[in-house]
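Computed from a prediction, not measured in an experiment: that's the story for all the values here.
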Amino acid sequence: MLRLALSSIASLFLVPPLGYIPGLHSHCSLIPPIAKPEFDARQAALATALYNLNASAYITEPSANSQYYANFSSINWKLSERPLLLIIRPRLDARLNPGLPVVPFKDSQTRYIQWAEEANPYASALAGLGMSSDSEETLYVDNKIRKFIVDGLQQAGPKLRIASAPLEITSLRERKSPAELEILKCANEATVLAIRDVHLQLSAGLRESEVSIMLSSALGKAGLSNAGCLTLFGANAALPHGSGTDRVLGRDDFALFDCGGSLHGYVSDVTRTVALPDARLPNGHLHIWYAVKGAQAAALGAAKAGVLTRKPDEAARAFLQALGLKDYFTHRLGHGIGLEGHEQPYLRGGSNDVMLTGHTFSNEPGVYIENKVGVRIEDCFYVDDAGNPRYLTERVGGPSETPWAP
C-alpha cells in the first residue's frame, strides 16, 4: 500500500530544571516527544524550500527523514517490496495579498493514496499528486531512498526530473530546535549514567559479552530503546570500532565502552575508557588517556559558530602531535547526531562546512596502538544561541575526569 502519511502528536513540554539529575531508572520520563506544531513548522520549511527550488514534491520512505517530517520511521514500518512513501508538496495560499509578508503555504493537510495489488503504485502516486505520464515537473527524493522506487517513479513519469534532494533540503534537519536538544541531552545523560552504573559493578574476570549485556540492561532501565554498547577490553580497544573477542577483563586493563540508545527517535553516543578501582595501569597507558582527554578539550575550544568544521579536528590532532601521538589518531574527530547516529555535518579534515547555532556533534578523539592499548573518549555537544559549544551531558557532569570517574 502506498500512502501519503502524516502522524501527529500532542504533548505537554516538561523538562527537568538545570542541575536536576534523577536516578538511573527512567531518567528521561519527563521528556516528551516532539509536538505537532513542530512537525507542522518542519513541513512548512520544507514546502518553502521546494517552492524556492521550483520543485513539485519531496519523497521519502520510512527513514530518519520521515520521522523528522511526519513522526514515523522504519522502526514503525519496515521496508519491503511494497512501497510506503511520504510525499510532501507545497500548496500556494490563494489568500496572499500584495504588499503583505509572504506566508506562501496553508496549514498542512494529509491525504492517503491507496493502490490495489494489480495497480502500478507509482502511477497511483503521481495521479494523487495531479500528475500524469506527460508531466515535466521536478521531484526531489531522499538521498537514501531505494533505487527501485526512483526507477518506478521515473517509468511512471518519463518526463519527470527526479533528483536527490539538494543541500537546501538536506540541511533542514541539521540545526536542532530547543525540543530536540532537550531530548538529545536526556538521551546522552542517561547513557553516561548507565555507563557509571555498570562501571561500579566491574570486576576482573568478566567477559566483554557479559559487560555488554550489563550495559544494554542499564541503558534500558534509564529509558532508552534500541540500546547497546561496543565493549572492548585491553588491546582489543586498539581496533577503534572492532567487534571484540570476548576477552576477559584483566585487573590492569582499560575497558572501552562505546554506547548509544534512542529516545523519541533521537540517538545518544558516548564513549568511555575506564579502569578498575585497584588497577595498576602502566604509566604509558595513563599518559595516553590524559592525552586523549586533552585532545578532546582542545577540539571543544576550537568549536564555535562560524568556524569551519575541520578546525576542531585540526585542534585535536595538533594537541596529539605535540605529544608524539598524532599518527595513532586514525579516524575523524566527530559526526553530526540527531535522528541518526551519524549525520551531516562532520568534524573532519578538509571539510568546508560551517558550524552554526543548533548544530550537534560528537567529539571523540582516540589513540590506538595495535596489540597494546586503545583509548577513546566521546561526548556530544551542541552550539548554543551565543555560538558557544556546550556538552549535552553537562547536567550530569560532562566528560570524564579520570579513568576511574566516567
* To do: Could you tell me the separation between the CD atom of Gln43 and the CG atom of Leu172, rounded to the nearest 0.5 Å?
  =>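 If we round to the nearest 0.5 Å, Gln43:CD and Leu172:CG are 12.0 Å apart.
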
* Roughly how far apart are Phe254 CZ and Leu232 CG, rounded to 0.5 Å? -> 13.5 Å

* Relative to each other, are the rings of His331 and Tyr368 parallel, tilted or perpendicular (30° and 60° limits)? -> tilted

Looking only at the side chains, is there a donor atom on one of [X] and [Y] sitting less than 3.5 Å from an acceptor on the other?
X      : Y      : value
Asn236 : Thr245 : yes
Ser212 : Ser209 : no
Asn65  : Asp142 : yes
Ser66  : Glu61  : no
Glu343 : His335 : no
Glu168 : Asn52  : no
Glu378 : Asn363 : no
Tyr122 : Gln155 : no

* To do: Decide yes or no on side-chain hydrogen bond (donor to acceptor under 3.5 Å, both in side chains) for Gln67 and Asn71, but give the supporting numbers first.
  => CA-CA 4 Å; Gln67 179 66 39; Asn71 196 32; 3.1 Å; yes

* Excluding sequence neighbours, so at least two apart, what forms ring-ring contact (aromatic ring centres under 6.0 Å, His included) with His359? -> Phe361

Thinking salt bridges, do [X] and [Y] make one under a 4.0 Å N-O criterion?
X      : Y      : answer
Glu314 : Lys311 : yes
Glu401 : Lys293 : yes
Asp258 : Arg376 : yes
Glu210 : Arg207 : no

* **Atom CG of Asn283: over 12 foreign heavy atoms under 6.0 Å** =>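 Check fails, neighbour count at 12 or below.
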
* If you draw a 6.0 Å radius around OH in Tyr328, do more than 12 non-hydrogen atoms from other residues or ligands fall strictly inside? ->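 No, the 6.0 Å shell around OH holds no more than 12 heavy atoms from other groups.
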
* Does the side chain of Arg161 reach to within under 4.5 Å of the side chain of Glu137, using non-hydrogen atoms? -> no

* **Tyr58 side chain near Leu46 side chain, heavy-atom distance below 4.5 Å** => yes

Please name the pair of heavy atoms, one in [X] and one in [Y], separated by the smallest distance, quoted to 0.1 Å.
X      : Y      : answer
Pro403 : His199 : O-NE2, 4.0 Å
Gly223 : Leu263 : O-CD1, 4.0 Å
Val274 : Phe257 : CG2-CE1, 3.7 Å
Leu333 : Ala316 : CD1-CB, 4.0 Å
Arg196 : Gly397 : NH2-CA, 4.3 Å
Leu300 : Tyr391 : CD2-CE1, 3.4 Å

Heavy-atom donor-acceptor pair, [X] side chain to [Y] backbone, under 3.5 Å:
X      : Y      : result
Trp289 : Thr273 : yes
His264 : Ile31  : yes
Gln201 : Asp197 : yes
Gln154 : Gly157 : yes
Ser73  : Ile75  : yes
Asn188 : Leu184 : yes
Thr360 : Gly336 : no
Thr402 : Ala405 : yes

* To do: Run the numbers on Arg272 and Asp379 for salt bridge (charged side-chain N to carboxylate O under 4.0 Å, His left out), then give the verdict.
  => CA-CA 9 Å; Arg272 292 290 183 264; Asp379 293 88; 2.7 Å; yes

* Please list all pairs passing the disulfide (SG to SG under 2.5 Å) test where one or both residues lie in residues 189-293, with sequence neighbours left out. =>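 Only Cys229-Cys259 qualify under disulfide (SG to SG under 2.5 Å).
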
* Tyr382 six-ring centre to Arg390 NZ/CZ under 6.0 Å and within 45° of normal -> no

* To do: Compute both the distance and the angle, then confirm whether Arg42 meets the cation-pi test with Phe39: under 6.0 Å from the six-membered ring centre, within 45 degrees of the axis.
  => yes

* **Set of residues satisfying salt bridge (Lys or Arg N to Asp or Glu O under 4.0 Å) with respect to Asp246, sequence neighbours excluded** => none

* To do: Kindly indicate, with the supporting measurements, whether the criterion side chain to side chain contact (heavy atoms under 4.5 Å, CB included) is fulfilled by Ile195 and Thr271.
  => CA-CA 9 Å; Ile195 291 173; Thr271 302; over 6 Å; no

* side chain to side chain contact (heavy atoms under 4.5 Å, CB included) assessment of Ser351 paired with Arg332 -> CA-CA 11 Å; Ser351 174; Arg332 68 190 174 212; over 6 Å; no

